[in-house]
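To start, the structure itself, in structure tokens.
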Amino acid sequence: MSFRACRGISYIFLLLLTSCELPFDLKTLGDRDMLKLYCEVVSGDTTVLDMDVLVPVGYHERTPVKVGPEDVVMTVDGKEVEIRVAADDDPNLEPGTLYVRENFPAGSQMCVKASIEGADPIEAKTVMPLHLDDYRLEMQLTDIVSGSYNGDNVRDMVRARLILPEVAEGTHVGIQYVVRHKTDSCGVTLFDEQVLQAVYDVTEFSSDGNLVAGVDFSNLTRLGATLTYVWNATDEYEFLFRHLTDSVSEWKDENGETVTWSSDYHFKFRIFALSEEYYQYHSRTTNEFFELGMASPSYTYTNVHGGTGMFGAISVAETPWMDDDLFGSDGTAGKEEK
Amino acid sequence: MKRILFIFILAFLPLAVHAGPDKTLKSQMEVIHEIFGVNFVYDSSLDLDRIAGRAGNDVVKKTANDILSSRHSRLDRESLEACLAALFKDTGIDYEIMKKYIVLTKAGSKKKPKDYTIFIEEQRDTIDESRITAIIDRRRNAAQTGLERIDASAFKRGFASLSAPDVLKTLQAVTGVSGGTELMNGLYVHGGTGNDNLYLYDGVPVYSVSHLAGLYSAFNTDVVDNVNFFKSGFPASYGGRLSSVVEVNTRDGSMTDYMGSFTIGLINGSVQYEGPIVKDRTSFNVAMRRSWLDVLTVPGLAIYRAMKNNSSDPYNDQMDARYAMTDFNAKITHKVAADNVLRFGVITGRDVVKFAHRIIRSDVGDDYRFRWGNVVGYADWQNVIADDLHYDLKAYYTQHRSRMNWDKVRETRYERLPDLKESWLTGIYDIGLKLDFDQQLTDVHRLRYGAEHVFHIYRPEQSWSTADLSSGLMSASYFGTETAFYAEDEMTLGEKVTASVGLRDVLFGVKGRVYNRLEPRVALSYRPSDLAALKVSYTEMNQFSHRLVTSYLDLPSSVWLPSTARVAPMHSKQVAAGIYMTLPFNLQIDLEGFYKTMDHIREYKGYRIFPPIENWERTFAEGKGRAYGMETSLVYNTVSTHAALNYTLSWSERFFEDLYPEWFPDRLDNRHRLNVSVSHRFSKRFEIYAGWNWHSGDRFTVESQYLPSDDQFYNENLFTSPNNVKMPDYHRLDVGFNFHKTTKRGNESIWNLSVYNLYCRMNPIVVYTYTENGKPISAAAGMVPIIPTFSYTLKFKQ
């Protein structure tokens with residue numbers, strides 16, 4: 001074989017070895033637009049219908065049409081409800097946003113249908129979950145090191161156990177721990193509300209109330225970045241949250257004057273009941289193996305037939321703001337009940 | 001010329017004829033084969049290792065000598081019949097000459113030779129195949145559809161993936177089977193999940209069948225005798241999985257001779273040895289394999305470490321990494337009598353991955369060890385009670401276990417922290433007892449019936465950790481009992497029709513729940529002629545043990561869990577029908593269709609590498625699947641050439657409400673699949689294999705919709721449906737060459753050179769999208785290039 005032929009074959013071989021990528025035409029994914037609906041129905045409040053028109057990735061330069069109220073129909077228990085459009089002066093709503101202002105009792109069957117030219121019509125359904133009118137919250141301060149309160153003012157954790165009455169099997173219940181921090185030094189409010197994550201292991205109880213086993217809290221479904229911990233209502237869960245202690249600090253400034261800084265923390269819990277669709281959509285996580293082509297992604301959930309997105313419902317209950325005065329010398333709190 | 005060659009061969013016959021004082025029937029059959037060029041066909045239950053009678057020996061010897069002395073100018077049927085009559089006189093063995101084949105049956109047997117379609121494979125030029133092997137192809141006569149029987153020689157036709165012939169990679173070429181991720185031992189049969197195949201090793205279930213994440217199968221082909229592969233039409237004696245049964249049967253050790261082989265390959269080696277413990281009564285067969293990737297990496301890393309040790313960098317670190325695989329097979333066969341055989345077997349397999357990282361000056365670092373593997377042990381008793389009734393009693397133990405240990409030495413700037421140790425263990429352990437009867441009740445009815453009881457211990461997770469502030473043991477265990485009864489009647493309804501009607505009843509008990517499932521198994525075969533058969537079958541299968549995986553790779557982090565009160569058993573229904581024909585010119589063609597549904601299958605919907613055991617029932621979505629299609633197989637077979645063209649047209653879909661509200665394509669919804677292979681033996685010294693695989697691209701999930709925004713940084717690509725994209729088609733060419741040589745000591749050496757993916761097509765395994773200048777771009781990427789491997793095998797006989 002001649003030298004030139006050897007060299008040619010070598011070049012071909014090198015090209016083959018380095019050609020790890022093949023072009024992929026995104027236009028093969030289709031050319032139809034798609035409707036995206038994102039809607040969290042919250043009882044007794046404004047419900048925003050976030051409607052977008054998605055264009056195919058292969059035709060990204062296309063300008064999608066806008067969705068107007070005439071394109072959307074929402075019914076509750078078979079009756080049509082009025083869909084409004086936010087005006088320029090509507091508070092907390094962007095102009096042009098579609099919304100509904102209705103009260104949805106537990107068990108309400110809700111349905112949204114929409115259609116525009118160039119995209120498939122969509123239909124999505126959900127059911128309003130039960131309202132958590134009755135609950136009991138047992139709280140105790142505890143020491144992060146020893147696991148029990150010993151009265152030495154080292155109170156880093158609040159242990160919260162949520163006890164619900166008889167609820168429907170399969171109801172998804174969630175909890176958020178919200179903290180507010182005020183200071184009277186210069187009258188500055190550092191933050192009105194901040195959701196803190198659960199710090200430590202949660203504990204699962206058996207049906208007779210005895211401790212079963214330590215459970216890593218990361219196994220509990222956490223809804224994305226909302227730091228809402230969700231579990232099935234037939235289980236009882238106990239949570240540990242970081243407790244921020246009221247404090248007073250003094251120091252001398254450059255003029256020798258005493259500066260007093262006092263921190264005043266308050267906390268409360270938000271308790272949710274989620275519809276199945278809401279839970280499924282927000283509990284999606286990315287399987288890391290997917291990036292290597294070694295697993296399926298798990299974030300394609302939708303209950304919007306013909307489109308994408310989520311149409312779900314959520315009911316919310318809140319405790320009032322609480323502070324350290326709630327706890328006795330043994331760290332036990334009065335039981336918050338509603 | 002032919003006569004001269006023949007005489008040259010026969011010149012050695014006196015050595016064979018006179019070799020040793022005791023000639024067995026089999027050795028005399030070899031002589032007859034050499035003289036007359038005929039091939040013997042027989043059922044393996046015939047005792048051919050028995051010593052031949054003196055009269056038979058004399059006739060064979062005289063015939064051989066007469067030919068050498070040219071007293072017989074031509075070889076005729078009369079001489080052949082004289083040899084056969086003398087050899088098999090008073091042995092209880094009947095013979096029938098059918099052109100070039102001599103069919104042997106037990107005297108008075110109800111099975112008539114004309115019912116058999118004969119396929120012979122002869123390895124006359126290799127030592128371990130000097131005895132004639134015969135495979136009786138019952139595909140056209142059994143009522144079941146979807147049966148493939150593969151002889152051990154098929155694994156050694158010339159291609160060795162990564163220098164080792166592989167059972168599962170051979171099965172991937174069968175119609176209706178997808179191999180999944182490239183280079184891996186996936187077996188996705190008729191739209192199955194890959195975790196729903198029953199692997200039996202000498203009748204014992206094996207849970208993990210791969211080494212190194214699926215690069216090697218756990219079956220050592222040095223000891224494999226044959227493989228039965230069922231895709232549909234499952235007999236009632238099999239159960240517990242949805243999609244397929246892979247029954248790997250190992251070879252009994254030779255009762256007369258000591259022989260073996262050893263192989264040195266590019267990344268592994270193997271040794272096999274067999275022989276009699278008590279001649280003609282008890283034999284052994286042992287084999288072992290080991291990889292030596294660590295032999296290559298360990299010295300390399302040692303040199304690297306030595307070089308880094310000289311560095312003055314205070315944070316200079318060292319690394320050590322190694323991987324090793326070993327497996328071991330041992331089998332003892334004891335013949336209590338001709339029809340009464342005891343077998344004892346042990347199979348172990350083990351993979352080890354070690355990784356260590358250290359900061360030299362401070363000794364801070366990690367030690368990581370991952371070990372996984374199988375252990376199988378069994379005792380088997382096969383006995384013939386009467387001519388028409390025999391049974392098989394088997395007791396077994398099988399386990400699969402994975403263990404991970406992680407030790408971390410830590411420090412801050414000021415102090416040394418307590419060492420962190422973590423341990424994680426998962427395993428499944430079975431103890432089973434199985435009794436099978438096979439009874440030829442009448443000429444029409446052949447009954448198979450029996451029972452199996454298995455006690456399962458599932459230990460999906462035992463973990464232990466010394467974290468900063470706490471330590472504790474996390475453990476989860478389940479226990480399950482599985483009891484199955486089955487009965488099946490294979491009816492011969494005249495000359496043309498065979499029907500098999502069976503029922504399997506399975507009871508699976510776990511804490512809080514007992515499942516009782518009935519599984520009908522029906523098959524019908526109609527043979528309009530000796531050359532064709534039409535078949536149809538219907539089967540239902542249930543699977544009570546679930547293998548939960550978090551990726552497509554066969555990782556040791558997957559766990560086995562039982563059906564529970566919340567998790568129903570998986571269930572499948574399958575109907576299959578086909579036409580099977582023998583054509584002129586050594587051609588066979590099969591055309592088969594299937595439709596299969598699956599319920600209660602599982603898909604992981606989380607993110608962790610190690611599946612979460614707490615609340616596992618909720619982190620895995622439950623759904624359905626369906627698959628249907630048509631398969632065509634055209635095979636050409638002669639003594640020296642085997643060619644096959646296998647084509648499959650199929651659809652495979654899934655429905656998981658937790659993932660998507662509509663049916664969506666399965667990842668391996670490959671519409672077309674074609675496999676063309678040829679192996680040819682040019683001479684006793686050289687054979688070649690070539691195989692071309694092509695299939696429609698796998699499915700993948702890609703963002704398909706784009707949400708434009710006025711803010712250029714907020715444009716978003718969205719996933720809208722699973723497996724919405726078909727990747728580019730997959731195709732590759734593999735070739736293999738075997739160079740045979742006889743050594744000076746009369747042993748046989750084989751050099752194998754195999755090339756995987758000869759033209760180096762980088763078949764895509766992932767599609768990804770990204771944005772460039774605001775424009776979505778997509779590409780499909782692959783990573784498996786051309787892989788040449790070689791191995792050297794020496795076969796010896798003492």
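The figures here come from the full heavy-atom set of this structure, side chains too, leaving out hydrogens, waters and symmetry mates. Order of the sequence lines sets the chain letters (A, B, ...), proteins ahead of strands, with each chain counted from 1.
For B:S778, the parts lying under 4.5 angstrom from a heavy atom of chain A are both the backbone and the side chain. For a residue to count as touching a neighbouring chain, one of its non-hydrogen atoms must lie under 4.5 Å from one of that chain's; by this rule A:L29 touches chain B with the side chain only.
To the nearest 0.5 Å, the span separating OG1 on B:T720 from CE on A:M34 amounts to 4.0 Å. With rounding to the nearest 0.5 angstrom, the OH atom of B:Y706 is 11.5 Å from the CG atom of A:L54.
Under a cut-off of 6.0 angstrom, the local environment of CD in A:E94 is sparse, with at most 12 non-hydrogen atoms contributed by other residues, nucleotides or ligands. Residue B:E653 places its CD atom among more than 12 non-hydrogen atoms of other residues, nucleotides or ligands, all under 6.0 Å distant. Heavy atoms of other residues, nucleotides or ligands lying less than 6.0 angstrom from NZ of B:K511 number 12 at most. Atom NZ of B:K726 has more than 12 heavy atoms from other residues, nucleotides or ligands within 6.0 Å.
Proximity of A:T308 to B:Q705: side-chain heavy atoms (C-beta onward) are nowhere separated by under 4.5 Å.
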